[in-house]
Amino acid sequence: MEQKKLKIRDLTLRDGQQSLFATRLSQAEIDKLLPYYVNAGFYIMEVWGGAVPDSVMRYLDESPWTRLRTVSQAIGGKSMLSALSRGRNLFGYVPYPDYVLEGFYKEAIASGLNVMRIFDALNDIDNVKESIRLINAMGGVADGAVCYTVDPKPAAPAAPAEKKGFFARLFGGKSAAPAEPEKIFTDEYFVSKAVEMERLGAKIITLKDMAGLVTPSRAASIISKLKAAVKVPVDFHTHCTPGYGLASSIMAIINGVDILDTNIWWFGGGSAAPAIELVYLFTQKLGIEIDVDMKAVGEIRKRLLGARQSLKQFDLGQLPKDFDPLADKLPAEIEAQLDRAVAAAKAGDETTLLDACHAIEAYFGFPKPNEIVKNAEVPGGMYSNMVAQLKALKADDLLNDAMALIPMVRRDAGLVPLVTPTSQIVGAQAVNVALARKNGNADYASCSNQFISLVKGEYGRTPVPVNPEFRAQITGSPEEKPYDVTTYRKPENPVLEDLGGVKLATNNEEELLLALLPSVANGFLRRRRTEEYQAAQAAKAAEAPAAEEAKAADEPITGPTLKAPMGGRIISVDVKPGDKVKKGALLLVYEAMKMENDVTADADVTIKRVFVAPDDVVSTDAVLIEFEG
């Protein structure tokens with residue numbers, strides 16, 4: 001009988017760097033690695049999607065389409081290339097109509113994409129079915145991902161706060177947790193979602209454990225049930241943050257998983273997926289062939305250290321010891337731990353398996369299990385983003401408070417699984433609640449537009465219904481209001497008169513970026529048009545307007561001001577000097593922690609000066625607007 005081969009999906013260039021380094025790996029660093037990926041024999045390479053389209057524009061000033069095409073051309077079909085898509089939301093934070101999905105998938109496949117892993121943060125099948133159909137129709141491989149989550153722990157008690165506003169007076173400013181039944185997220189819940197995705201046409205089924213909360217025993221039960229229930233290959237995706245990742249991957253292998261997601265050594269472990277080198281050691285013990293050229297993986301590993309060192313300022317992990325599983329001899333005590341782990345896995349002894357795996361990871365210098373992440377039930381990428389953003393806000397002291405509030409916010413919002421975008425929405429709201437408590441305000445005194453949309457019902461059906469009283473508190477109405485895609489309006493593609501009369505987006509792929517990620521794409525595309533205009537004119541851009549602004553900024557501020565409550569990016573400014581605005585009128589919209597926030601007038605005011613413009617990045621307490629005194 002032919003020995004079974006375990007296929008590998010390499011996550012290094014997408015999920016690995018997103019989980020450990022906030023998606024800051026540049027195209028230049030990736031280009032150094034691609035020649036060595038060609039011969040590695042990975043079944044799939046995940047190189048796109050997730051936070052990549054947003055982050056490469058936002059932080060690296062690079063084109064997402066260039067990244068996909070460059071990788072595709074270099075790999076030349078030796079491995080399938082995959083991306084992660086949020087189903088109806090694609091890479092953005094709002095649901096899109098079918099014609100946007102179709103246009104995007106068509107461009108992605110034309111640019112070299114093979115596999116689209118499609119998930120919905122709420123596990124709402126209605127949000128993924130059209131994506132599955134479109135990917136299949138266009139010749140791609142639809143990978144249906146079921147998001148794993150667990151029933152929540154008891155919510156943190158709401159802090160006493162001063163009651164402010166009508167709804168705070170009406171509902172007391174406290175969260176109204178819905179009365180959900182016990183054990184919502186059973187094995188049967190996940191299997192039923194997988195069966196439905198296969199029926200819709202998924203060619204791969206992934207158990208997507210974004211938070212690393214699948215325990216070894218749960219991995220064994222769910223994977224075995226998935227293998228019995230579906231005919232297509234089953235993939236297991238997990239993270240090591242809470243300490244289960246490696247052990248659960250071993251249990252998935254023993255229970256017949258077809259594809260396993262891993263990272264290469266320097267980008268593995270911690271808040272990322274397990275390192276392929278450790279998985280290889282176990283497959284050797286289990287007599288299972290890993291369908292990858294480990295010598296070629298070693299060549300990548302040699303160069304990947306330099307890539308990690310280039311990301312030092314974003315590094316949230318710790319460097320493991322250098323290790324080559326094909327050349328380095330393991331000490332006897334680690335060989336013994338490997339044998340102990342395999343025996344425990346076969347016997348279903350979870351405690352011993354975890355103990356042995358933790359000892360192996362500790363020997364190699366991988367991070368210890370993160371108890372905060374484990375208890376708050378959050379994914380590694382969400383955690384790394386929250387740490388990076390709170391550091392930028394100089395509010396590091398709120399991290400533990402915000403993490404402890406996540407289960408409460410999640411429960412209030414309908415018991416949503418935590419995966420982008422819900423992880424970002426819930427995480428940002430937990431920070432808002434922590435800030436509110438610190439300042440003596442009601443828990444939900446400040447809510448992002450996205451949190452309001454989630455509670456309203458615009459992201460789809462939540463696993464349990466949102467308490468109508470809580471929905472009224474947050475949205476102003478107890479009624480659920482699903483998003484109506486027929487109301488979607490394509491973002492404006494303006495003519496840039498100051499740059500020679502060209503349009504902001506000049507081709508289909510740029511128009512898609514503008515449609516999916518309008519706030520960050522606007523600045524990215526304007527920079528491209530500016531560069532092109534300056535090159536064509538062979539002269540510097542006029543500096544007179546800047547000089548006038550600088551002169552105005554030197555004048556002392558004498559009137560009342562509006563300051564930024566948190567650091568972030570200005571999305572739009574809705575007033576100008578001289579405007580007389582009424583109380584409640586929209587002044588501007590700013591983005592903090594990737595959430596958009598409307599800022600309105602607290603009273604009838606006259607605008608004296610505006611100090612910011614769209615796409616400006618501001619710090620906490622920066623003066624945004626001065627009013628007439």
Side-chain angles (χ1 to χ4, degrees), residues 4 6 8 11 148-150 185-187 190 206-228 234-263 265 268-290 320-321 323 325 330-371 373-375 377 379-380:
K4 178 181 177 180
L6 175 67
I8 297 293
L11 306 177
Y148 179 81
T149 190
V150 296
F185 302 111
T186 63
D187 290 0
F190 301 112
T206 294
L207 178 62
K208 180 175 171 56
D209 178 25
M210 56 280 174
L213 295 174
V214 171
T215 62
S217 58
R218 202 77 195 273
S221 63
I222 297 178
I223 294 298
S224 61
K225 290 175 183 176
L226 285 174
K227 287 295 295 175
V234 174
D235 186 311
F236 181 50
H237 171 98
T238 191
H239 291 250
C240 297
T241 326
Y244 302 133
L246 179 59
S248 294
S249 295
I250 304 314
M251 289 298 278
I253 293 171
I254 290 174
N255 284 274
V257 78
D258 301 287
I259 309 165
L260 184 68
D261 289 11
T262 65
N263 290 296
W265 194 254
S271 56
I276 187 174
E277 292 84 354
L278 293 184
V279 171
Y280 173 76
L281 294 178
F282 278 101
T283 57
Q284 292 293 100
K285 294 284 186 181
L286 291 166
I288 294 174
E289 182 179 352
I290 192 167
K321 299 176 184 177
F323 174 65
L330 292 171
E333 62 269 23
I334 299 304
E335 285 283 4
Q337 291 288 7
L338 284 165
D339 291 334
R340 179 172 173 245
V342 168
K346 290 180 176 179
D349 181 353
E350 179 173 280
T351 301
T352 301
L353 171 60
L354 284 169
D355 184 68
C357 285
H358 291 163
I360 293 166
E361 290 172 315
Y363 167 77
F364 286 111
F366 286 102
K368 295 178 180 179
N370 187 317
E371 294 298 325
V373 170
K374 178 180 176 181
N375 293 332
E377 302 170 341

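- A donor-acceptor pair is defined here as one N or O able to donate and one able to accept, closer than 3.5 Å; no such pair exists between the side chain of S248 and the backbone of A219.
- At least one side-chain heavy atom of Y148 sits less than 4.5 Å from a side-chain heavy atom of I222.
- With ring centers used as reference points, Y280 lies 6.0 Å or more from W265.
- For the 3.5 Å distance criterion, the side chains of Y244 and R218 fail to qualify, holding no donor opposite an acceptor.
- No side-chain donor from either of T241 and N370 sits under 3.5 Å from a side-chain acceptor of the other.
- Remark: H237 NE2 to T206 OG1 distance equals 9.0 Å, nearest 0.5 Å.
- Remark: side-chain polar atoms of H239 are not paired, donor with acceptor, to backbone N or O of A211 under 3.5 angstrom.
- The two residues A345 and I254 come nearest to each other via the heavy atoms CB-CD1, 3.4 Å.
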Which donor-acceptor pairs under 3.5 Å do side chains of residues 336-343 form with protein atoms, sequence neighbours excluded?
from	atom 1	to	atom 2	distance (Å)
Q337	OE1	R340	NH1	3.0
D339	OD1	K285	NZ	2.9
R340	NH1	D355	OD2	2.9
R340	NH2	D355	OD2	2.8

Using side-chain hydrogen bond (donor to acceptor under 3.5 Å, both in side chains), reason through S224 and N255 one step at a time and then give a plain yes or no. CA-CA 6 Å; S224 61; N255 284 274; 4.5 Å; no

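- The CG atom of L354 sits 9.5 Å away from the CE atom of M251 when rounded to the nearest 0.5 Å.
- Checked against L11 for a side-chain contact (heavy atoms from CB on, under 4.5 Å), the options I276, N263, T262 give a single hit: N263.
- Salt bridge annotation for D258-K227: present, with a cationic side-chain nitrogen under 4.0 angstrom from a carboxylate oxygen.
- In this structure, the separation between CG on L226 and CG on D187 is 8.5 Å, given to the nearest 0.5 Å.
- Using a 4.5 Å heavy-atom threshold, the side chains of T283 and L6 count as touching.
- At least one side-chain heavy atom of S249 sits less than 4.5 Å from a side-chain heavy atom of F236.
- Under the 4.5 Å side-chain criterion, counting only non-hydrogen atoms from C-beta, C357 is in contact with F282.
- For the pair L207 and V234, the minimum side-chain heavy-atom distance is 4.5 Å or more.
- A donor-acceptor contact shorter than 3.5 Å is absent between the side chain of E277 and the backbone of P325.
- The main-chain N or O of A362 is never found under 3.5 Å from a side-chain atom of K368 such that the two would form a donor-acceptor pair.
- Rounded to the nearest 0.5 Å, atoms CD (E333) and CD1 (I360) are 11.0 Å apart.
- Counting only heavy atoms from C-beta outward, the side chains of F185 and V150 never approach each other to under 4.5 Å.
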Verify side-chain contact (heavy atoms from CB on, under 4.5 Å) between L281 and F323, making sure each step is shown before the conclusion. CA-CA 12 Å; L281 294 178; F323 174 65; 4.0 Å; yes

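- The backbone N or O of G243 lies less than 3.5 Å from a partner atom in the side chain of H358, making a donor-acceptor pair.
- To the nearest 0.5 Å, atom NZ of residue K346 and atom CG of residue L353 are 12.5 Å apart.
- Atom CG of L213 is separated from atom OG1 of T238 by 8.0 Å, given to the nearest 0.5 angstrom.
- Nearest heavy atoms, P369 versus P242: CB-O, 3.2 Å.
- Side-chain contact check for D235 versus L260: every heavy-atom pair is 4.5 Å or farther apart.
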